[in-house]
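Below is one structure, written out as structure tokens, with a few remarks after it.
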Number of protein chains: 2
Amino acid sequence: MGSVEEQPADTAHGSIAHRVPDLGALELLLAVARLGSLGAAARELGITQPAASSRIRSMERQLGVALVDRSPRGSRLTDAGALVTDWAGRVVEAARAFDAGAQALRVRRDSRLRVAASMTIAEYLLPGWLLALRAGRPDTAVSLLAGNSAAVAERLLAGEADLGFVEGLTVPPGLDSAVIAHDRLIVVVAPAHPWARRRRPLPAAELASTPLILREKGSGTRQVLDTALGGLARPLIELSSTTAVKAAAVSGAGPAVLSELAVGEELGLRRLVEVPVDGVALARDLRAVWPTGHRPAGPARELLSLTRG
Amino acid sequence: MGSVEEQPADTAHGSIAHRVPDLGALELLLAVARLGSLGAAARELGITQPAASSRIRSMERQLGVALVDRSPRGSRLTDAGALVTDWAGRVVEAARAFDAGAQALRVRRDSRLRVAASMTIAEYLLPGWLLALRAGRPDTAVSLLAGNSAAVAERLLAGEADLGFVEGLTVPPGLDSAVIAHDRLIVVVAPAHPWARRRRPLPAAELASTPLILREKGSGTRQVLDTALGGLARPLIELSSTTAVKAAAVSGAGPAVLSELAVGEELGLRRLVEVPVDGVALARDLRAVWPTGHRPAGPARELLSLTRG
DNA sequence: CGCTCCCCATAAGCCCAGCTTATGCCCCCA
DNA sequence: TGGGGGCATAAGCTGGGCTTATGGGGAGCG
């Protein structure tokens with residue numbers, strides 16, 4: 001087994017794609033882990049055994065670690081392979097959610113289930129629901145339109161959508177609704193920030209007078225915050241994506257305000273810390289909505305039931 | 001601009017990799033979103049502008065949706081593009097965690113920081129810490145060894161590791177420790193399972209007498225559960241990866257027992273529901289450990305401080 | 001034993017995705 | 001009215017990943 005040429009680690013931030021195996025390879029690794037054989041995994045993915053063999057091998061070369069123990073009776077993961085497989089599973093899971101969302105995003109007039117949803121819900125919740133829906137009804141074609149509450153209502157009333165999801169404080173007229181979950185905007189800081197060690201809740205006035213990392217004006221999140229603070233939120237930076245806001249907060253640029261849906265993982269891993277706030281109503285209901293009288297039926301009802309467990 | 005040939009959606013579960021753009025394309029999309037220009041994004045990733053243009057275009061063809069609005073003054077995301085970019089961000093984030101872990105997994109005798117960790121910690125927490133560490137000290141080379149508590153202790157005492165992480169109930173002799181987090185094993189079921197609607201905690205006896213979806217014997221998780229139940233856990237299925245256990249539980253195969261670290265996202269999205277249990281001690285401390293007297297210094301101390309925020 | 005089956009590895013050749021260089025068009029601004 | 005930033009198109013190259021074909025090694029069995 002010749003020694004591996006070790007390149008000097010390319011520590012530069014540049015393009016992660018060259019250091020991480022592609023999705024196909026990760027999927028193959030998961031299949032090998034599950035099935036215990038390169039050949040079986042290859043068959044499942046519809047490729048030949050030599051292709052699988054070579055692909056796993058080049059992945060091992062790329063990572064500099066042996067991933068599977070080959071034997072004439074099958075292949076098992078090494079210890080390192082088990083770890084890598086777990087991490088790979090998380091990448092593939094995210095890719096599946098991407099796929100579920102993207103499929104729905106395709107414009108198809110003939111989709112059997114047309115969903116209109118607000119941004120936060122479309123971003124963070126819908127892909128998971130769609131995965132679950134597809135698990136139960138693989139053939140349901142879904143189309144998705146994302147917009148603010150008014151746009152959602154418009155689509156529903158025009159008969160261009162079967163089910164809507166909104167996150168506002170009020171329900172647009174002409175629609176029936178059911179609360180499916182709750183969301184809050186929360187203030188988060190990096191663990192090193194002084195606010196991370198506060199015992200007492202932050203007064204609303206102090207929040208309003210502190211420059212914050214925020215989404216751009218016009219975003220749903222920003223509107224809710226501005227309303228709650230009486231139009232007073234002071235931006236330290238304005239960024240155009242939730243991810244960018246999170247990244248800025250994690251790096252310690254300052255306090256950020258985000259939906260708690262967006263930062264679940266960061267809080268769990270202690271990369272961000274929630275700062276309790278006093279005297280501001282940042283809670284909001286997430287609701288499913290439909291035209292008054294037009295009870296959701298068929299796939300729409302199924303999706304609705306998924307959202308409530 | 002030619003109409004797009006629409007393929008019949010290949011609804012078969014087969015290989016997601018053909019339906020999701022590769023990591024390089026997702027990264028490029030994120031760069032375009034952040035920089036507002038194809039050319040600028042291309043420069044950042046070290047490719048030429050035509051390459052970026054063509055890559056974005058083929059991604060749009062693959063997804064069947066326009067992602068960016070091109071203008072002679074730059075490019076902005078479309079609404080659909082903003083959604084796709086958010087989903088892409090989650091895939092790339094998972095890939096970065098993969099990369100951080102994988103880099104550490106490389107065997108390098110000369111690594112400046114050698115970490116030994118138990119499986120759960122290595123799987124779910126270390127990649128995040130390593131990302132944070134790299135953000136602060138980009139040049140720190142880390143090596144990672146994953147194993148059970150005894151193995152971690154052995155490495156530390158032999159001077160082959162600088163810092164360890166264990167999840168047992170006790171601290172191996174010869175080591176000093178600090179509690180860095182808490183973990184619990186929890187019982188989870190799919191939302192449709194009858195246990196999901198329980199009001200009262202499940203008695204330990206009922207848990208012990210019900211067949212469960214479990215990790216294989218010998219895994220740390222399994223050991224803790226068997227100890228807590230007095231060696232009585234009855235397997236419904238035994239699976240060899242946390243992901244497989246989760247998937248089985250989500251699909252409704254039965255109740256599963258897992259670390260809460262492993263199911264944070266599933267609980268948030270209501271794909272799994274926690275079942276409270278009474279009369280069993282399933283909590284455990286996660287600890288950093290080091291040889292008695294050898295206080296962590298340098299990068300080890302930095303990593304340690306990251307784990308506590 | 002020797003036959004057969006199921007593993008996996010290697011070799012040789014093909015093909016396409018993605019890159020590069022070289023242009024050209026469009027728009028804005030000095 | 002040039003110049004520069006931004007995007008698109010064209011032509012050509014390269015390499016990664018696939019396939020088919022083949023060989024070796026262990027296990028089970030007549």
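Ala88(B) approaches Leu26(B) most closely through the heavy-atom pair CB-CD2, 3.9 Å. Closest approach of Leu28(A) and Ala42(A) over heavy atoms only: CD1-N, 4.5 Å. Looking at every heavy atom in both residues, Phe98(A) comes nearest to Pro21(B) through CE2-CD, 3.6 Å. Across all non-hydrogen atoms, the minimal contact from Pro127(A) to Trp87(B) is CG-NE1, 3.4 Å.
Between the CG atom of Leu45(B) and the C1' atom of dT20(C) there is a distance of 16 Å, given to the nearest Å. We find that CD1 of Ile56(B) is positioned 15 Å from P of dT9(D), with the value rounded to whole Å. We find that CZ of Arg61(A) is positioned 11 Å from P of dT10(C), with the value rounded to whole Å. Protein atom CG of Leu28(A) is 11 Å distant from nucleotide atom P of dC8(C), rounded to whole Å. Regarding Arg70(A), its CZ atom lies at a distance of 9 Å from the C1' atom of dC8(C), rounded to whole Å.
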Under 3.5 Å, sequence neighbours excluded: what are the donor-acceptor pairs made by side chains of residues 112-119 of chain A?
from	atom 1	to	atom 2	distance (Å)
Arg114(A)	NE	Asp162(A)	OD2	3.3
Arg114(A)	NH1	Gly159(A)	O	3.3
Arg114(A)	NH2	Gly159(A)	O	3.4
Arg114(A)	NH2	Asp162(A)	OD1	2.7
Ser118(A)	OG	Glu167(A)	OE1	2.5

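A salt bridge links Glu60(B) to Arg70(B): at least one charged side-chain nitrogen sits closer than 4.0 Å to a carboxylate oxygen.
The side chain of Ser53(A) contributes an N or O atom lying less than 4.0 Å from OP1 or OP2 of dA9(C). For dA27(D), the OP1/OP2 oxygens have a side-chain nitrogen or oxygen of Arg73(A) closer than 4.0 Å. Checking the phosphate oxygens (OP1, OP2) of dC7(D), no side-chain nitrogen or oxygen of Arg57(B) falls inside 4.0 Å. Here Ser71(B) does not reach the OP1 or OP2 of dC27(C): none of its side-chain N or O atoms lies under 4.0 Å away.
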Between the protein and nucleotides 1-6 of chain C, list the N/O to N/O atom pairs that are separated by less than 3.5 angstrom.
none

Distances for protein N/O vs nucleotides 10-19 of chain D N/O pairs under 3.5 angstrom?
from	atom 1	to	atom 2	distance (Å)
dG17(D)	OP1	Asp22(A)	OD2	3.4
dC18(D)	OP1	Arg55(A)	NH1	3.0
dT19(D)	OP2	Thr48(A)	N	2.8
dT19(D)	OP2	Thr48(A)	OG1	2.6

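Here the side chains of Ser143(A) and Arg106(A) are not in contact, with every heavy-atom distance at 4.5 Å or above.
Rounding to the nearest 0.5 Å gives a distance of 12.0 Å between CZ of Arg34(A) and CG of Leu77(A).
Annotation: ring-ring contact (aromatic ring centres under 6.0 Å, His included) contacts of Trp129(A) (sequence neighbours excluded): Phe165(A). Evaluation of the side chain to side chain donor-acceptor pair (under 3.5 Å) rule for Asp79(A) yields no partner, not counting sequence neighbours.
A cation-pi arrangement is present between Arg90(A) and Tyr124(B) under the rule of less than 6.0 angstrom and at most 45 degrees off the ring axis.
Within residues 29-41 of chain B, no residue has a heavy atom under 4.0 Å from DNA chain C.
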